Amino acid sequence: MNPFLISAYISPDYFCDRESETKTLTDNINNQSNTVFFAQRRIGKTALIQQVFYFLKKKKTTTIYFDIYATQNLKDFTNQLANSIYSLFPENKSLTKRFWEAIKVLRPVISVDELSGSPQLSLDITQARQFEKTIPQIFQFLDAQNIKTIIAIDEFQQILNYPEKNTEALLRSCIQHLKNVHFIFCGSNQKMMHHIFNSAKRPFYASTKSINLQKINTGVYAGFIKQHFEKQKFKISKEAIDLILELTDCHTYYTQRLCHEIFAKGIKTIQPELVLQTINEILLDNEGVYFQYRNLLTPSQWNILKAIAIERKIEQPYAQKFMHRHNVGSSANVKRGIEALVEKEMIYYTINADKPYYEVYDKFLMLWLQRK
Ligand SMILES: Nc1ncnc2c1ncn2[C@@H]1O[C@H](COP(=O)(O)OP(=O)(O)OP(=O)(O)O)[C@@H](O)[C@H]1O
Ligand SMILES: [Mg+2]
């Protein structure tokens, strides 16, 4: 089996580090605190939740995970919540049965999802006022089971896009009274998550503990890569490992993906040449998508993106040096371009570093741009 996972979480055996984050999250749960964290895309937020849940399940804690990225409003949110509780079945038959009793008045309908083939539950709620009752009812139902329950809501910033403006107040007021149910809120949009949890005037302010999820330490990742290749009788040179981590900037998904593809080749001795060959193949595979990005951006935005890729990290994009070297126009132009690129999640502004900097979000796109 390929030990470098690029999709679903399996077990701690294939999971690199995150020891202190796992401990803090677990401690918070044991101390009945809710936790929030946000981090860049593809850094391993969802996998961290799954790792914590892996341990919790062994301790007879009910774990509920749902991702609200695709939800548009409170109705979708409620259905998603009800669905994820319903899907605890068959692990917990009696709970599901009691849940069914509790929501019977909402005329739940089960259908089969055409894409996934799994059962989908939807509730017959038409009036806005009904949500204000239904969500607290569902949470209170869980609380009343006297089983410790952790609910992780992924891509939580999405609630800011709902047309119902009272969503934060509604959620905050119903979760603060729960005794057995605790929450993990997670999201990838820095600005929106900050808005929800750090604005003094908003309902969630000071209601949660936060953790800071950054890139995995390079030395630790290097050890993980070496160990997994060697375990399956591969030989990998130190130079090859360093190159993998340099090319992918130790950004979890990209590092995993490159290792996954190298492993898949089945060549038992791994040197830097093989790493370069593999990365070239990945970039070539993705090229169609990169050309599409170019069509979606203005020529000026594309130039700025390319300039940032070449710099890898840029602290002062408004400095003359940067603007001259890359011929990206006036500082007003660069400012507008950068704002648009951040908004489109093409570049990322890292603020929790000594000196904040901009970088291209997608590490493979960055490498491709550097070569054009
Ligand atoms: N600590 C880890 N060790 C090994 N692989 C990991 C680790 N964390 C994440 N991964 C892998 O990296 C990939 C990206 O992780 P994940 O999907 O959790 O990121 P994310 O931050 O939730 O991304 P997104 O913002 O796109 O939702 C996944 O394929 C996952 O299996
Ligand atoms: Mg995720």
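Each ligand, and each atom within it, is numbered from 1 in the order the structure gives. Numbers for residues simply follow the sequence, beginning at 1. Keep in mind the model is a prediction, meaning the values are calculated, not measured.
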**Asked** Taking the six-membered ring for Trp, are Phe229 and Phe4 ring centroids under 6.0 Å apart?
**Response** yes
**Asked** Under a 4.0 Å N-O cut-off, is there an ion pair linking Glu19 with Lys23?
**Response** no
**Asked** So, is Ser188 placed with an N/O/S atom under 2.8 Å from the Mg ion (ligand 2), counting both backbone and side chain?
**Response** no
**Message:** Can you confirm if the aromatic rings of Phe77 and Phe66 lie within a centre distance of less than 6.0 Å?
**Reply:** yes
**Request:** May I ask you to test the Glu155-Ser188 pair for a side-chain heavy-atom distance under 4.5 Å?
**Result:** yes
**Message:** Regarding Lys335 and Glu339, does a basic nitrogen lie under 4.0 Å from an acidic carboxylate oxygen?
**Reply:** yes
**Prompt:** For ligand 1, what are the residues with a heavy-atom contact below 4.0 Å?
**Reply:** Leu5, Ile6, Ser7, Tyr14, Phe15, Cys16, Arg18, Gln40, Arg41, Arg42, Ile43, Gly44, Lys45, Thr46, Ala47, Glu155, Ile216, Thr252, Tyr253, Gln256
**Message:** I'd like to know if Glu287 pairs up with Lys372 as an ion pair, taking the criterion as any Lys NZ or Arg NE/NH1/NH2 lying under 4.0 Å from an Asp or Glu carboxylate oxygen.
**Reply:** yes
